[in-house]
*Asks:* 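My questions will all concern the structure given below.
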Amino acid sequence: MSDKNFVKGRRPAGRRVTLRAPAKVNLHLEVLRQRHDGYHDIETILQAVGLFDRVTVELAEEYQGGEPDLALTVSGARGSVPTDETNLAWQAARLFCRETGVSGALTIHLEKAIPAAAGLGGGSSDAAAVLVACDRLFGTGLEADRLERLGAEIGSDVPFFVKGGTALGRGRGTMLTQLPSVRTGQFLIVKPDLQLQTSDVYGALKMGLTVNSATANIQVIRPMLSRFPQKTWPGFNRLEDVVLPAQPALQRLVLGLRQLAPVAMLSGSGAAVFGVFPEGRDLADQAGEFEQTGLFVRTVAPHPGGVEVLQD
Ligand code: ATP
């Protein structure tokens with residue numbers, strides 16, 4: 001066994017950590033400008049919700065030494081989820097080992113409940129869960145800030161899932177400020193059998209040299225979080241401008257939800273949409289109607305945290 005597997009004198013091999021990794025929706029998303037690195041600067045309010053992938057990471061006793069030996073399996077996936085190095089969870093494990101100087105044989109299992117390519121951040125949340133799991137398994141004791149910085153190297157949404165709750169995201173979404181957690185409201189999430197790739201959606205925006213100023217929006221929006229979800233919620237999703245005209249079925253869904261819920265919009269780059277209803281309203285009939293048309297439907301609560309260790 002490699003010496004690198006021993007961190008601060010501890011022998012961590014032969015252990016397993018199980019976590020739950022929440023989905024997110026965007027309560028607001030403005031696109032400010034295209035950056036030179038190809039990403040866009042955005043201003044967004046991210047909200048973790050109680051729809052969870054279950055992520056298990058095991059560090060084997062047996063390990064030949066050298067490069068990390070990674071294996072990944074996936075169950076329950078809706079949409080195509082890769083099991084190779086293109087999976088964000090795989091990338092998280094590899095990056096963690098490289099950046100902290102540890103190595104080992106890691107087996108990752110993703111039990112997917114979050115649909116893929118939905119704008120619900122499922123892959124990003126899995127990646128954050130793997131970072132947290134590796135930190136436990138190798139006993140590296142990294143601060144949340146360090147985990148967030150590692151996460152930003154994997155994807156723009158990954159850092160958010162370290163703390164989760166309700167947060168303002170700036171830059172390409174990775175510069176985070178925690179906001180007072182939204183604790184009420186029922187989130188009815190609906191997704192047609194349609195996968196949208198985030199890069200395609202941002203590409204369709206064709207920002208060119210356009211620079212939007214959105215600071216005023218956030219100043220208006222932020223204080224209104226304490227009364228969320230109210231009919232006068234000023235948050236919006238700029239990506240609807242390109243997604244909805246191209247996807248009439250999604251347009252109908254969002255407009256339909258807006259008739260029913262005080263707040264309804266596309267989540268991230270889609271294809272999930274969500275409506276937020278006041279506490280106590282019985283949503284069974286509404287959910288049932290969507291389900292009958294073959295859509296993915298879940299009614300979930302806001303989640304005040306990020307990825308959580310269930311079993312260690
Ligand atoms: P985001 O809102 O963060 O852009 P998303 O919710 O739209 O992401 P994901 O579920 O993260 O989308 O999946 C986006 C793409 O990434 C999928 O097409 C899938 O092939 C790939 N992918 C890589 N790793 C994962 C993962 N762990 N779970 C789901 N999809 C993954």
Side-chain angles (χ1 to χ4, degrees), residues 19-29 31 38-40 42 44-49 51-57 70-95 106-133 151-162 164 167 169 172-174 176 189-205 237-240 243 247 250 265-274 296 298 306-307:
L19 307 92
R20 59 179 192 167
K24 62 86 181 159
V25 295
N26 302 77
L27 305 182
H28 172 66
L29 197 168
V31 184
Y39 288 98
H40 289 76
I42 62 171
T44 185
I45 297 180
L46 296 143
Q47 175 64 54
V49 291
L51 169 64
F52 301 97
D53 285 350
R54 198 179 167 92
V55 179
T56 303
V57 186
L70 303 180
L72 186 142
T73 52
V74 176
S75 62
R78 268 185 203 81
S80 79
V81 177
T83 53
D84 59 11
E85 71 279 357
T86 60
N87 194 298
L88 299 182
W90 180 299
Q91 291 173 20
R94 197 176 50 193
L95 180 79
L106 288 164
T107 306
I108 301 167
H109 180 68
L110 307 178
E111 217 175 301
K112 297 289 298 179
I114 307 171
L120 297 172
S124 304
S125 193
D126 295 345
V130 168
L131 292 176
V132 170
E153 291 187 41
I154 304 161
S156 301
D157 281 340
V158 181
F160 165 72
F161 289 105
V162 173
R172 59 184 175 95
T174 59
L176 297 169
I189 298 174
V190 183
K191 183 188 167 285
D193 190 15
L194 171 74
Q195 297 201 0
L196 297 181
Q197 295 302 334
T198 307
S199 52
D200 296 344
V201 171
Y202 275 95
L205 266 178
N237 183 346
R238 178 66 62 198
L239 299 177
E240 287 183 354
V243 172
Q247 303 287 346
L250 273 185
M265 61 186 110
L266 185 75
S267 182
S269 53
V273 304
F274 67 97
F296 168 90
R298 294 288 182 280
V307 297

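Read the numbers this way: they start at 1 and go in the same order the structure lists the ligands and their atoms. We count residues from 1, following the sequence as given.
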*Asks:* To the nearest 0.5 angstrom, please state how far the CG atom of Leu29 sits from the CD1 atom of Ile42.
*Replies:*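 Going from CG on Leu29 over to CD1 on Ile42, the span is 5.0 Å.
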
*Asks:* Under the side-chain hydrogen bond (donor to acceptor under 3.5 Å, both in side chains) rule, what pairs show up with a residue in residues 85-94, not counting sequence neighbours?
*Replies:*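 Checked against side-chain hydrogen bond (donor to acceptor under 3.5 Å, both in side chains) - neighbours excluded - the pairs reaching residues 85-94 are Asp84-Thr86.
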
*Asks:* If only atom types and distance count, is the side chain of Asp53 paired as donor or acceptor with the main-chain N or O of Ile114 below 3.5 Å?
*Replies:*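 Checking the backbone N and O of Ile114 against the side chain of Asp53, a donor-acceptor pair under 3.5 Å is found.
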
*Asks:* Got a sec, which residues hit side chain to side chain donor-acceptor pair (under 3.5 Å) with Ser267, two or more places apart in sequence or on another chain?
*Replies:*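 Side chain to side chain donor-acceptor pair (under 3.5 Å) check on Ser267 returns nothing, list empty.
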
*Asks:* Please identify each residue that fulfils side chain to side chain donor-acceptor pair (under 3.5 Å) with Asp157, with sequence neighbours left out.
*Replies:*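 Per chain and number, Asp157 pairs via side chain to side chain donor-acceptor pair (under 3.5 Å) with no residue.
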
*Asks:* Is the shortest side-chain heavy-atom distance between Leu250 and Val273 below 4.5 Å?
*Replies:*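 Leu250 reaches Val273 side chain to side chain.
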
*Asks:* For ligand 1, find each of its N or O atoms that sits under 3.5 Å from a protein N or O atom, and tabulate the pairs with distances to one decimal place.
*Replies:*
unit_1	atom_1	unit_2	atom_2	d
ligand 1	2 (O)	Asp157	OD2	3.3
ligand 1	3 (O)	Ser124	OG	3.2
ligand 1	3 (O)	Asp157	OD2	2.8
ligand 1	4 (O)	Thr198	OG1	2.7
ligand 1	6 (O)	Gly119	N	3.2
ligand 1	6 (O)	Leu120	N	3.0
ligand 1	6 (O)	Gly121	N	2.6
ligand 1	7 (O)	Ala118	N	3.4
ligand 1	7 (O)	Gly119	N	2.8
ligand 1	10 (O)	Ala117	N	3.1
ligand 1	11 (O)	Gly123	N	2.9
ligand 1	12 (O)	Ala117	N	3.2
ligand 1	13 (O)	Ala117	N	3.3
ligand 1	18 (O)	Gln197	NE2	3.1
ligand 1	20 (O)	Ser80	O	3.0
ligand 1	24 (N)	Asn87	OD1	3.4
ligand 1	24 (N)	Leu88	N	3.0
ligand 1	27 (N)	Asn87	OD1	2.9
ligand 1	27 (N)	Asp126	OD2	3.0
ligand 1	28 (N)	Lys112	NZ	2.9

